[in-house]
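Convention: sequence-line order gives letters A, B, ...; per-chain numbering from 1.
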There are 2 protein chains.
Amino acid sequence: MKMDDRKFMILQAIIDDYIMTAVPVGSRTISRKQGVGFSPATIRNEMSDLEELGYLAQPHTSAGRIPSAKAYRLYVDRLMKMVDLSAEETGRIQDHLNKRTAQVEEVIRQAAQALSDVTHYTAVVSGPQMAGVSIKRVQMVPVTETSALLVIVTGAGLVRERVIQVPEGVGPDQLYGLSKVLTERLAGCSPQEAREQLTNVTADLGEHRQLMASVLGVIDSQLGGDENVPLVVGGRSNLLHYPEYSDVEKARSFLAVLESREKLAPLLKGSDLEFTVRIGPEINMPEFSDCSVVTATYHVGENTSGTMGIIGPTRMDYARVVSVMNYMGRAISDLLSGVKE
Amino acid sequence: MKMDDRKFMILQAIIDDYIMTAVPVGSRTISRKQGVGFSPATIRNEMSDLEELGYLAQPHTSAGRIPSAKAYRLYVDRLMKMVDLSAEETGRIQDHLNKRTAQVEEVIRQAAQALSDVTHYTAVVSGPQMAGVSIKRVQMVPVTETSALLVIVTGAGLVRERVIQVPEGVGPDQLYGLSKVLTERLAGCSPQEAREQLTNVTADLGEHRQLMASVLGVIDSQLGGDENVPLVVGGRSNLLHYPEYSDVEKARSFLAVLESREKLAPLLKGSDLEFTVRIGPEINMPEFSDCSVVTATYHVGENTSGTMGIIGPTRMDYARVVSVMNYMGRAISDLLSGVKE
DNA sequence: GTTAGCACTCGACCTTTGAGAGTGCTAACA
DNA sequence: TGTTAGCACTCTCAAAGGTCGAGTGCTAAC
């Protein structure tokens, strides 16, 4: 048995209906739809075929059909059409973003808020990945007698900062001098190159061994892996609107995942494509077995990029979600690259 | 009718039992308890009195009694005894905090995590309130041609930073010079004094009017009110463990409050006391009508302090919560004041 | 290939019923 | 006079049974 145009059409109608209602779809419902010129009996035959092909499932004998993960896969890959956002939607997004700021944490917080607000799903946004980045400037600002704020500026104009310990007796002017040396030596370096350069610097300077070790530690931790990129979640409570989460225990374990960076981070990874859709079982996490995750990449400058994701029920409105993220990707890039409106 | 020792004792027993089980407490249950030498019938008479006095309520005729908000109030004010934390509990807290860092965001995040983890309730921790603070140092670090990171260090050794716009043509050295002037002029100032000083500085410098306006803007927003102090929540999913939140809609509106800074911030305010307990209706928020909030203050240096809060069901284990927060208050102070272990 | 008709299935919802927990009241007891 | 045993009463909860309606698969006719 093969798929034909009519089967595609019926499947699409079922998915569309189920996305809206979350109720198993019966043959009569489809037959009544505009543009479907067949009786319920005919639809039933086709539905029976679609079930055999693995696209539909029946919760129990006398219920309607619900789309399987395979059906959503087909829908996302072949049936889905991009939609245009309404002026009201883009307006809502811009309202969240209209603060003029290039502060990474703030931008991604606003982005997560906007995404969850517009889609009514849960949004996760990570800060820009610093792995392939180049260093532009390193500067220490004195804080107390024994500590300073180490500020690292990247080529793309992103900033990371961190308090480090400073040996007693190293004064503000000395810190400024050291900062100049560090900036000269490290400018243009990748984090890996910086590590080598720093050992040279340490050798040259002789003293300040411990301080340089702290600097290296920060570069490693802040520009190294992605354990330290900020990660914010928005709209945690949104999913509890959906009947999929009318069971508190399910809701709780879902929320628990959102609270665990270790479990959450992998959801945003796994693909460098512009968009990635993972559906239910494809995610491979029991807590998310009837969730889908749509992730997208945003770019800042040449080499820097971050990820955002939307988590919703498998029956989520993929077309709209992809459109919203598409729009948001450009918006974040503009904000973080300092583009003026 | 008046309260007597026996009534207190019975009320305490009922509260203790209800805190553990969340099930209405019957006369037999109390009568069976160690140290209570009375039959269920006697207890029943006393319970009937306690109900008349407003300390107990009956969900329905043939159920046991549950404590009223008034009973918890009495419990917190008069009956509660501080408990000692077990080594296991202090250990768990230290495990969350053992990263050596004086980074405010990180410390309060860890604190919220630790509090929620140890108490199994939901925790909210705010960063130190900057209102009464004095400025110690102001420094700008160049980021791009047209932006810089403005770093403000306070007397207590706390740091706030923010990206500001810089007019084209102002180079790194000039920014450093300006930073020196700013630090000289503003050192020791309160935010209010800084505002006046800055207008002087602007007058003296002539140019850089716009830059100074940006600096002032940051001082106002970062050290001014408390709209900009960081606020982190830990253990959002914890409350869903309790039968009070077995209703999804209730859980959802609870979570929605946690997502709204405007609704959440007032919960941490309202009292300068070391500890404040607000019970159910005292909170005056429908979403929290059967929650209690315990808040406590922590101090950094002389003039700087922040707030933490625990949100749990009204039948929460107040004694333990207060003890945990007491311990945590000292731990946060130590971390943020840079005290070494 | 399409459709009408029909018997069949199964969950949703309602009602009934019985068990259990807990109460208030009364009368007896120390 | 305070305490307690006994008992009738109330109310929730869970299980059991019954009805309704939506939806199916199959067959036969168009």
Requested in this report: Decide salt bridge (Lys or Arg N to Asp or Glu O under 4.0 Å) for A/Lys33 and A/Asp17; before the verdict, give the C-alpha distance in whole Å, the side-chain angles of both, and the deciding distance to 0.1 Å.
Outcome: CA-CA 10 Å; A/Lys33 270 204 207 304; A/Asp17 195 88; 3.0 Å; yes

Query raised in the report: Can you check the A/Arg28 CZ to C/dT3 P distance for me, whole Å?
Result: 15 Å

Query raised in the report: Once you round it to whole Å, what is the distance between P of C/dT2 and CD1 of A/Ile10?
Result: 10 Å

Requested in this report: Measure from the side chain of A/Arg44, starting at C-beta and using heavy atoms only, and say which of D/dA22, D/dT24, D/dC11 lies closest.
Outcome: D/dT24

Query raised in the report: Atom CG of B/Asp17 to atom P of C/dG22: distance rounded to whole Å?
Result: 10 Å

Query - Side-chain N,O (A/Arg6) to OP1/OP2 (C/dT2) below 4.0 Å - result: yes

Query raised in the report: For the side chain of B/Met47, counting heavy atoms from C-beta on, which of C/dA4, C/dT23, D/dT24 is nearest?
Result: C/dT23

Query raised in the report: Just how far, in rounded Å, is P of C/dT23 from CG of B/Asn45?
Result: 11 Å

Report summary line: Ranking C/dG24, C/dT3, D/dT24 by distance to the side chain of A/Ala41, first place goes to C/dT3

**Report entry** Nucleotide forming a Watson-Crick or wobble pair with D/dC30, both distances under 3.5 Å
**Finding:** C/dG1

Query raised in the report: To the nearest angstrom, how far is A/Tyr18 atom OH from D/dG23 atom P?
Result: 14 Å

Requested in this report: Check whether more than 12 heavy atoms from other residues, nucleotides or ligands sit under 6.0 Å from atom CG of A/Asp77, and answer yes or no.
Outcome: yes

Report task. Would you kindly give the CD1-to-C1' distance between B/Ile43 and D/dG2, to the nearest whole Å? Result -> 13 Å

Query raised in the report: Within the structure, does a side-chain N or O atom of B/Ser27 lie under 4.0 Å from either OP1 or OP2 of C/dT23?
Result: yes

Query - Options C/dT23, D/dG25, C/dT3, nucleotide nearest the side-chain atoms of A/Arg65 - result: D/dG25

**Report entry** Which nucleotide in D/dT10, D/dG25, C/dG11 has an atom nearest any side-chain atom of B/Ser62
**Finding:** D/dT10

**Report entry** C/dT23 phosphate, OP1 or OP2, under 4.0 Å from B/Thr61 side-chain N/O
**Finding:** no

Query raised in the report: If you check every side-chain atom of B/Gln58, which of C/dG24, D/dT3, D/dT24 has the closest atom?
Result: C/dG24

Requested in this report: Could you check which nucleotide pairs with C/dG20 in any of the strands shown, counting Watson-Crick or G-U wobble with both distances under 3.5 Å?
Outcome: D/dC11

Report summary line: Taking C/dC10, C/dT2, D/dT4 as options, the one with an atom nearest any side-chain atom of A/Phe38 is C/dT2

Report summary line: Between CD1 of B/Ile66 and P of C/dG22 the distance, given in whole Å, is 14 Å

Query - Between P of C/dG20 and NE2 of B/His60, the distance in whole Å - result: 17 Å

Query raised in the report: Does A/Ser39 place a side-chain N or O at less than 4.0 Å from the phosphate oxygens OP1/OP2 of C/dT3?
Result: yes

Report task. Can you spot which of A/Val324, A/Asn238, A/Leu239 makes a side-chain contact (heavy atoms from CB on, under 4.5 Å) with A/Tyr121? Result -> A/Leu239

Report task. Can you establish whether the number of heavy atoms outside B/Asp4 located under 6.0 Å from its atom CG is more than 12? Result -> yes

Report task. Could you check B/Val124, B/Ile283, B/Leu258 and say which one makes a side-chain contact (heavy atoms from CB on, under 4.5 Å) with B/Leu267? Result -> B/Ile283

Query raised in the report: In terms of the nearest nucleotide of DNA chain D, which residue is placed more toward the 5' end: B/Gly37 or A/Gly26?
Result: B/Gly37

Query - Row check, B/Phe38 ring normal vs B/Arg6 NZ/CZ: under 6.0 Å, within 45° - result: yes

